[in-house]
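To start, the structure itself, in structure tokens.
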Amino acid sequence: MTDSLPEAIVSPRSRFSAVWIIPLLALALGGGLTFKYLQEKGTTVYIEFASADGLKAGKTKIKYKDVEIGVVDDIAFSRDLSNVIVTATINPSMRGHLNAKTRFWVVRARVAAGEVSGLGTLLSGAYIGIEPGEGKSKKQKNFVGLDKPPVLLTEDHGSLYTLTSKTLHSFEAGAPIYYRRLKVGEVISYKLDKQGTKFTVEIFVRAPYDQLVFENTRFWNASGIDVKLSADGFEMQSESMIALLLGGLAFDNLENEKGPQAQAGTRFELHKNRQAAISDEYVQSEQLYRLYFDGSARGLNVGAPVTLRGITFGRVTGVKLEYDMRDKSFKIPVTIEFEPDRLEIIGKKSPDEAPPTASDLVSHGLRAQLRSGSLLTGQMLIDFDVYPDAEPAEIKYEDEYIVLPTVATSIDSIKNSVSDLMEKISKMPLDEIGINLNNILKGADALVHSSDVKDIMTNVNQASAQLSSSAEGLNTLVNSADVKTILSNFSEASVQINSSAEGIDNLVHSNDVKAILSNINQASEQLKQTLVQTNEVTAGLTEDSEAYQEVLRTLRELSGAARSLRQMAEVLERHPEALLKGKPR
């Protein structure tokens, strides 16, 4: 009997096993943990610095506004060993700000531009500062760190301007910028152009002070002390103590010359000081002039002012020393340039009349002279003036220069005068003059002490005594009553003669009258001689002397003559025709 086997029933196997739930849950959990770890770990960046001074792996922090946002993981050298590569992890919150505009720098304790920063690092150590990049720039992980903190941050509001200068003055990046001694900005950077002739300085003026910058605004170097010695005295100016020690710039606006407000990026000229900035600017003449001075030009430097009667209207552009083999002499050619707009021409006969040329001015006596600009510093300047007595001269042409005539300096004139005087003195026979003068003094000494001179002095004393006695006698005579009576009669007669002269004016011009007057004049001259002889005679007289009594008698007779003259004058006054017809009856 054949046994039948049961038929196997085939059922489909399940593709999913419950056992796989546990691995899948573990995988999902691991993935989630990994994703969370990666999200919380942040972004790894690589920063290149010149040095790792103050940085330590695992300790140095990365901060933004004093908030910790990362840490340094590792410090290694670059391939060429010139720099160090800092590997750091940045918090995920800053991932969107790591781009081409992001900047890193090391924050340490430092003093710059008059400001002290990073004092906290003295205790906690240095850290890395960051300025997040804004915008939609491409994200990156490799950066080059700054050597020092940036002066301008993205969050600062204001305007950037450019200054140009031939010389880099005493200031650094971060130096303050002042407006009327108020700090309103900072110097960002500076660089020399490719030609090596000018410096370009980038500055930043914070808002709202950038509204004070106009197209005609003047910028100048405010570093140190601006010292000025003028007719008003000694002046000293400084923007601030910070500018004095560390340097800085300043700007201001001239009244009524502001112009429109300057846009960001406007270029300005940087002047060397405030005086140069506020002074009027004039166009330099394209023509160069040359002067030659024979004496010393010590103290004359390039840039020295050229003045006309004390008013600056040019400057010195070159000073050289030449040796002329033709006449074996040294010459000092001085090159100058003018600012012709400083000289205002007035008195034109017509608007088209041409102004005077250099030749015209020279023909009228215009000359250049080297003068001292300051007794304290010894600096010299060139001053032009009109010298009417100067020797005739003409302008000359030498290459591209016009040569103007000069006159000797005041010091040279004094030296020449002293030299001529000393030369004349040296030609004098001083030895012979000294010997003769000594002999004269000896002779005078012998004469003064001689017996003859003593006798002469004795006689002079005696004569002086006699003269004094005679003067006293004459004084007594003059003050006597008789002399006073005589003088009174003469006075009355003179008055009467003067009054009669008007009445007989026509008679006087006749020939007879002229003869009579001639006789009267002769009598008057004899009378004068008599008076003179009388004065001589009365010298040494006394009232008791016989000569004195004789003089009195003579004077009485003269008094009678005077009375007769007075009577004749009275008759002539009443009857002028008596000179021709005789005395009326």
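Just so you know, these numbers use all the heavy atoms, side chains as well, and skip hydrogens, waters and symmetry mates.
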Open item on the list: Tell me whether Phe313 at atom CZ has more than 12 heavy atoms from other residues, nucleotides or ligands lying less than 6.0 Å away.
Closed with: yes
Task: Donor-acceptor pair, side chain of Thr102 and main chain of Gly133, under 3.5 angstrom - done: yes
Task: Within 6.0 angstrom of Lys272 NZ, more than 12 heavy atoms from elsewhere - done: no
Open item on the list: Any side-chain to backbone donor/acceptor pair from Arg367 onto Val386? Under 3.5 Å, distance only.
Closed with: no
Task: Lys56 vs Val72 side-chain heavy atoms within contact, under 4.5 Å - done: no
Open item on the list: For a 4.5 angstrom cut-off between non-hydrogen side-chain atoms, does Arg290 reach Lys396?
Closed with: no
Task: Within 6.0 angstrom of Tyr387 OH, more than 12 heavy atoms from elsewhere - done: yes
Open item on the list: If we check side-chain hydrogen bond (donor to acceptor under 3.5 Å, both in side chains) with Thr43, which of these qualifies: Lys141, Arg95, Lys139?
Closed with: Arg95
Open item on the list: Contact between Pro405 and Val362 at the side-chain level, heavy atoms closer than 4.5 Å - yes or no?
Closed with: yes
- [ ] Give the intermediate values and the outcome of salt bridge (Lys or Arg N to Asp or Glu O under 4.0 Å) for residues Arg315 and Glu339.
- [x] CA-CA 9 Å; Arg315 68 185 186 93; Glu339 297 174 344; over 6 Å; no
Task: Donor-acceptor under 3.5 Å (Asn253 side chain, Leu212 main chain) - done: yes
TODO: Please step through side chain to side chain contact (heavy atoms under 4.5 Å, CB included) for the pair Val205 and Ser159, ending with a clear verdict.
DONE: CA-CA 5 Å; Val205 180; Ser159 300; 5.5 Å; no
Open item on the list: I need the Asp252 CG to Phe214 CZ distance, nearest 0.5 Å.
Closed with: 11.0 Å
Open item on the list: Could you tell me if Thr162 and Glu202 have a donor-acceptor pair between their side chains, going purely by distance under 3.5 Å?
Closed with: yes
Task: Nearest-0.5 Å distance, OG1 of residue Thr60 to CD1 of residue Ile75 - done: 6.0 Å
TODO: Would you tell me whether Thr89 and Asp73 have side-chain atoms, one donor and one acceptor, within less than 3.5 Å of each other?
DONE: yes
TODO: First locate atom NZ of Lys65, then atom CD of Glu131, and finally report the distance between them rounded to the nearest 0.5 Å.
DONE: 10.5 Å
- [ ] Evaluate the criterion side chain to side chain contact (heavy atoms under 4.5 Å, CB included) for residue pair Arg371 and Leu381; output intermediate values, then yes/no.
- [x] CA-CA 5 Å; Arg371 291 189 177 183; Leu381 56 82; 4.3 Å; yes
Task: Side-chain heavy atoms of Tyr397 within contact of Ile402, under 4.5 Å - done: yes
Task: Interatomic distance, Gln261 atom CD to Glu215 atom CD [nearest 0.5 angstrom] - done: 10.0 Å
Task: Closest heavy-atom pair and its distance - Pro150, Leu146 - done: CD-CD1, 3.9 Å
Task: Residue pair Lys198 / Leu192: nearest heavy atoms and the distance that separates them - done: O-CD1, 3.2 Å
- [ ] Report yes if the side chains of Leu270 and Phe268 come closer than 4.5 Å at any heavy-atom pair, otherwise no.
- [x] no
Task: Nearest heavy-atom neighbours spanning Phe204 and Arg206 - done: CE2-CG, 3.5 Å
Task: Heavy-atom check, side chain of Leu98 versus side chain of Ile130, under 4.5 Å - done: yes
- [ ] Ignoring hydrogens and angles, tell me if any N or O in the side chain of Thr406 forms a donor-acceptor pair with the backbone of Phe293 under 3.5 Å.
- [x] no
Task: Side chains of Asp80 and Ser82, donor plus acceptor under 3.5 Å - done: yes
Task: Stepwise side chain to side chain contact (heavy atoms under 4.5 Å, CB included) test for Arg267 and Thr200 - done: CA-CA 9 Å; Arg267 301 177 70 90; Thr200 301; 4.2 Å; yes
TODO: Side-chain contact test, heavy atoms from C-beta onward, threshold under 4.5 Å: evaluate it for Asn301 versus Val316 and give yes or no.
DONE: no
Open item on the list: Surrounding CD1 of Ile311 (heavy atoms of other residues, nucleotides or ligands, distance under 6.0 Å), is the total greater than 12?
Closed with: no
Task: Heavy-atom pair of closest approach, residues Gly70 and Asn91 - done: N-OD1, 4.2 Å
Task: Main-chain N/O of Lys101 paired with Asn99 side-chain donor or acceptor, under 3.5 Å - done: yes
- [ ] Can you see which heavy atom on Ala126 is nearest to which on Val106, and at what distance?
- [x] CB-CG1, 4.1 Å
Task: Arg108 side chain near Asp53 side chain, heavy-atom distance below 4.5 Å - done: yes
Open item on the list: Between Ile395 and Thr357, is the side chain to side chain contact (heavy atoms under 4.5 Å, CB included) condition met? List the steps.
Closed with: CA-CA 11 Å; Ile395 63 173; Thr357 63; over 6 Å; no
Open item on the list: Does Lys348, at its NZ atom, have more than 12 non-hydrogen atoms belonging to other residues, nucleotides or ligands within less than 6.0 Å?
Closed with: yes
Task: Minimum heavy-atom distance between Asp383 and Arg309, given as atom pair plus value - done: OD1-N, 3.4 Å
- [ ] Take Lys331 and Asp324 through the salt bridge (Lys or Arg N to Asp or Glu O under 4.0 Å) test and state the conclusion after the steps.
- [x] CA-CA 7 Å; Lys331 295 182 179 180; Asp324 193 344; 3.2 Å; yes
TODO: Return the set of residues passing ring-ring contact (aromatic ring centres under 6.0 Å, His included) with Phe104 (not counting sequence neighbours), or none when no residue passes.
DONE: Phe143
Open item on the list: Before you tell me yes or no, could you show the steps for Phe384 and Phe338 under ring pair (Phe, Tyr, Trp, His ring centres under 6.0 Å), namely the whole-Å CA-CA distance, both residues' side-chain angles and the distance that decides it to 0.1 Å?
Closed with: CA-CA 12 Å; Phe384 280 83; Phe338 294 130; 5.8 Å; yes
Open item on the list: Distance check, rounded to the nearest 0.5 Å: Gln369 atom CD versus Asp385 atom CG?
Closed with: 8.5 Å
Task: Flag, side chain of Glu322 to backbone of Ser329, donor-acceptor distance under 3.5 Å - done: no
Task: Gap separating the CD1 atom of Ile69 from the NE2 atom of His97, nearest 0.5 angstrom - done: 9.5 Å
